[in-house]
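Some notes on the structure that comes next.
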Amino acid sequence: MIKNGHHASSEGGGEPRGARHGEEGSAWFGFGATGCYDMVHYGHSNQLRQAKAMGDYLVVGVHTDGEIAKHKGPPVFTQEERYKMVRAIKWVDEVVEGAPYVTTLETLDKHNCDFCVHGDDITLTVDGKDTYDEVKRMGRYRECKRTQGVSTTDLVGRMLLMTKAHHTNMDNSDYQQHADNFGKGPKGHSPWTGVSQFLQTSQKIIQFASGKEPQPGDTIIYVAGAFDLFHIGHVDFLEAVFKQAERPYVIVGLHFDQEVNRYKGKNYPIMNIHERTLSVLACRYVSEVVIGAPYAVDKDLLDHFKVDLVCHGQTEVFPDKDGADPYAEPRKRGIFRVIESRNGLTTDDIVQRIIENRLQFEARNQKKEAKEMAVIEALRRREDGEKSQA
């Protein structure tokens, strides 16, 4: 059981723009982060969590589809979907739509940002130039640590592989072949685009969770599911759930990998229980997460959490192992509600987008890694030259 606390329900999140500058004489730091934020995962959320800890107000610039296609290749999600996904991350105060791919001093000043934050990987333009070169040279750049074990490259490879190797380990030879296809250029693996294994720690969970208990007067709402490849369909559903009460306290029950595979089949879930936990914890509409929740929403669960309302989307409700309705108890109590989010996007739809554009995504990642390897080689030669002159 992981507590996540209450979060602002405003579209931009955080405090209103007019309240940014604080009292006279106080130290205040506005700062920005920019990126594609395509297939938003817990690695992106962790970058923004670290960024928020560096200042007072986090402005996130998200690139357009055209900018991403020009410099990297086709995005999986549309710009409108990506804007909304980033807004749903609880550490984000404001989103700048259509941010330029190259971050300049003019961009920072326009949005009242003292400095820019990015991960410790490198972002390159179509012609191989560092997109943060200007702000780095002028001392208005900060860096946060990249989250090991997750990347869009890896997730795309898992979707195409269609086996369950990622549920246990990545030593499977077929998995390694797909990892090579998606993250290996002609000169080897880049440390930024290559695939590595995610290792969950208690510290990481604590960093994502805020630990607030429900308060008197809160409406405790329970939802359950896989929440695999946490996407805009999930966000729209959780936002709709959040709006069911004036003071909602939303608890998300996450099913174990084996349970998800039982009712969804194929190679699902694409993300394991540890990865899905962090993805859901990062959402501003979620107050608490139950890791490995029972499939049946029974009397013990409802009484333990003092649940007032149980919600489910318009997707199919799969029966329990014994054929029983997993929502029989909340239906009996009259606290079960089907929520219409007006977004029918599913994990299957995302996988289908990837499959239909497989060759484009393979080429995109190989091209990206080739540029990164060229930069690494140039830096290595420069370091060797400096050593020889010393």
Side-chain angles (χ1 to χ4, degrees), residues 1-7 13 33 35 37-53 58 60 76-77 82 84-92 117 119-121 144-159 166-170 195-212 223-235 237-239 242 250-260 268-293 347 350:
M1 183 176 72
I2 303 298
K3 297 175 181 61
N4 204 32
H6 294 289
H7 305 293
Y37 298 100
D38 193 24
M39 285 188 64
V40 172
H41 49 67
Y42 60 91
H44 295 119
S45 300
N46 194 38
Q47 178 220 2
L48 297 174
R49 179 192 66 80
Q50 294 178 77
K52 182 60 182 283
L58 177 58
V60 181
V76 178
F77 289 92
R82 291 183 289 107
K84 190 161 191 177
M85 278 299 297
V86 174
R87 283 194 177 97
I89 296 173
K90 64 185 180 182
W91 297 286
V92 175
V117 181
D120 56 5
D121 55 335
C144 57
K145 292 184 65 176
R146 180 181 182 273
T147 305
Q148 293 297 317
V150 63
S151 65
T152 303
T153 299
D154 180 22
L155 295 177
V156 168
R158 294 186 203 181
M159 283 182 254
H166 57 277
H167 292 176
T168 52
N169 62 71
M170 292 191 270
V195 173
S196 61
Q197 189 160 13
F198 171 68
L199 299 174
Q200 180 69 288
T201 65
S202 58
Q203 183 62 33
K204 187 62 65 186
I205 293 177
I206 290 169
Q207 289 170 344
F208 271 58
S210 56
K212 292 184 179 179
V223 301
F227 291 90
D228 194 18
L229 287 176
F230 195 75
H231 54 71
I232 190 64
H234 297 133
V235 167
F237 167 68
L238 289 171
E239 183 181 15
F242 190 88
V250 179
I251 302 174
V252 175
L254 289 178
H255 300 142
F256 278 131
D257 299 342
Q258 296 89 336
E259 189 68 65
V260 175
Y268 295 120
I270 302 298
M271 301 180 85
N272 65 44
I273 184 68
H274 304 301
E275 298 172 309
R276 291 184 283 121
T277 296
L278 294 185
S279 295
V280 175
L281 279 173
C283 180
R284 69 171 64 254
Y285 304 116
V286 175
S287 303
E288 184 172 340
V289 170
V290 180
I291 303 174
T347 303
I350 297 169

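All values below were derived from every heavy atom in this structure, side-chain atoms included, with hydrogens, water molecules and symmetry-related copies excluded.
Residues Ala224 and His255 share a closest heavy-atom pair of CB-NE2, 3.9 Å. Between Ser45 and Ala282, the closest heavy-atom pair is OG-CB, 3.4 Å. Smallest separation of non-hydrogen atoms from Tyr37 and Val40: O-CG2, 3.2 Å. Nearest heavy-atom pair across Pro269 and Arg276 is CB-NE, 3.9 Å. Between Ile273 and Gly292, the shortest heavy-atom contact is CD1-N, 4.1 Å. In this structure, Gly119 and Gln47 approach most closely via the heavy-atom pair N-NE2, 4.1 Å.
Side-chain contact between Lys90 and Cys283 is absent, with no heavy-atom pair separated by less than 4.5 Å. In this structure the side chain of Tyr285 reaches within 4.5 angstrom of the side chain of Val235, judged on heavy atoms. No side-chain heavy atom of Ile291 sits under 4.5 Å from any side-chain heavy atom of Leu254. By the 4.5 Å heavy-atom criterion applied to side chains, Ile205 and Leu281 are counted as neighbours. You'll find the side chain of Val290 reaches within 4.5 Å of the side chain of Ile251, heavy atoms only. The shortest side-chain heavy-atom distance between Phe242 and Phe237 does not fall under the 4.5 Å cut-off.
In terms of the side chain to side chain contact (heavy atoms under 4.5 Å, CB included) criterion, residue partners of Gln50 (sequence neighbours excluded) are, by chain and number, Asn46, Cys144, Lys145. Judged as a side chain to side chain contact (heavy atoms under 4.5 Å, CB included), and not counting sequence neighbours, the contacts of Ser279 are Tyr42, Phe230, Met271. Contacts of Phe77 classified as side chain to side chain contact (heavy atoms under 4.5 Å, CB included), with partners at least two apart in sequence or in another chain: Asp38, Met39, Glu81, Arg82, His231, Leu345, Ile350, Arg353.
A salt bridge links Lys84 with Glu239: the distance from a Lys NZ or Arg NE/NH1/NH2 to an Asp or Glu carboxylate oxygen falls below 4.0 Å.
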Are Asp228 and Val260 close enough, and set up right, to give a side-chain contact (heavy atoms from CB on, under 4.5 Å), and what steps lead you there?
CA-CA 9 Å; Asp228 194 18; Val260 175; 5.7 Å; no
Decide yes or no on side-chain contact (heavy atoms from CB on, under 4.5 Å) for Thr347 and His234, but give the supporting numbers first.
CA-CA 9 Å; Thr347 303; His234 297 133; 4.3 Å; yes
side-chain contact (heavy atoms from CB on, under 4.5 Å) assessment of Ile89 paired with Val60:
CA-CA 11 Å; Ile89 296 173; Val60 181; over 6 Å; no
Carefully, step by step, assess Val92 and Arg284 under the rule side-chain contact (heavy atoms from CB on, under 4.5 Å).
CA-CA 9 Å; Val92 175; Arg284 69 171 64 254; 4.3 Å; yes
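Using cut-offs of 30° and 60° for the angle between ring planes, the Trp91 and Phe208 rings count as perpendicular.
Looking only at atom types and distance, the side chain of Arg49 has a donor-acceptor partner in the side chain of Gln207 under 3.5 Å away.
Here the side chain of Glu259 pairs no donor or acceptor atom with the backbone of Phe256 at under 3.5 angstrom.
Taking CZ of Arg158 as the reference point, atom CD1 of Ile270 lies at 8.0 Å (rounded to 0.5 Å).
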